[in-house]
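Single-structure report; data block below.
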Amino acid sequence: MNKFVSRLMAVSMAILLLPFSGLATCGGGGGGGTGGVRGGGTGPGGNEEVYQVPWKMADPKNALPAGGLTLYWFPSSVDEFKNSSLRYSRSLSLYASQCVSMVVSDTQAPEMQKLVAGEKLPVAVLTSSEGAAIGKAQNNKGFLKVDQV
């Protein structure tokens with residue numbers, strides 16, 4: 001009888017440890033139900049993820065952001081700022097969440113003129129915590145895209 005009870009308990013434990021597919025979510029869990037298979041497109045059935053980049057407007061009267069990396073974006077016009085792919089980007093949003101400051105500026109302030117240094121707008125410049133330019137993304141035929149930045 002002791003052998004029978006131990007085997008019965010072992011079988012019942014094995015059944016309890018098997019994954020129960022009724023408890024699984026549609027994509028591996030979490031995410032508010034956005035995982036798994038879903039229809040494509042931006043219509044009623046498909047919701048597109050939007051990652052708005054937290055751009056801050058530069059104030060020429062205030063000092064530059066202190067500490068960390070800063071990405072400066074110098075758009076060529078207000079229309080370019082409104083319609084640019086740099087405003088909605090997953091990769092730039094992730095960088096912003098990892099302590100990279102995102103600043104939109106014009107070239108009026110002397111500090112900003114040094115960063116642009118005669119480049120044709122739009123331009124994006126990545127600077128170190130000291131304000132030195134690390135890299136530049138120059139426009140291609142008057143447009144600056146996320147892939148370039």
Smallest separation among heavy atoms of [X] and [Y], with atom names:
X	Y	result
Thr127	Ile134	C-CD1, 3.8 Å
Pro122	Glu80	CB-OE1, 3.4 Å
Leu71	Leu92	CD2-CD2, 4.0 Å
Ser89	Val146	OG-CG1, 3.3 Å

Nearest-0.5 Å distance that lies between atom [atom1] in [X] and atom [atom2] in [Y]:
X	Y	atom1	atom2	value
Met102	Thr70	CE	OG1	9.5 Å
Trp55	Ser105	CH2	OG	11.0 Å
Asp147	Leu144	CG	CG	10.0 Å
Gln113	Asp106	CD	CG	9.5 Å
Trp73	Ser84	CH2	OG	4.0 Å

For the side chain of Asn139 and the backbone of Lys120, is there at least one donor-acceptor N/O pair under 3.5 Å apart? yes
_Enclosure of Phe81 CZ (heavy-atom neighbours >12, cutoff 6.0 Å)_ = yes
(message) Membership question, hydrophobic clusters at under 4.5 Å side-chain separation (ILVMFWY): are Val78 and Val103 in the same one?
(response) no
If hydrophobic clusters are built from ILVMFWY residues whose side chains come within less than 4.5 Å, do Leu69 and Met112 share one?
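No; Met112 is not reachable from Leu69 via cluster members.
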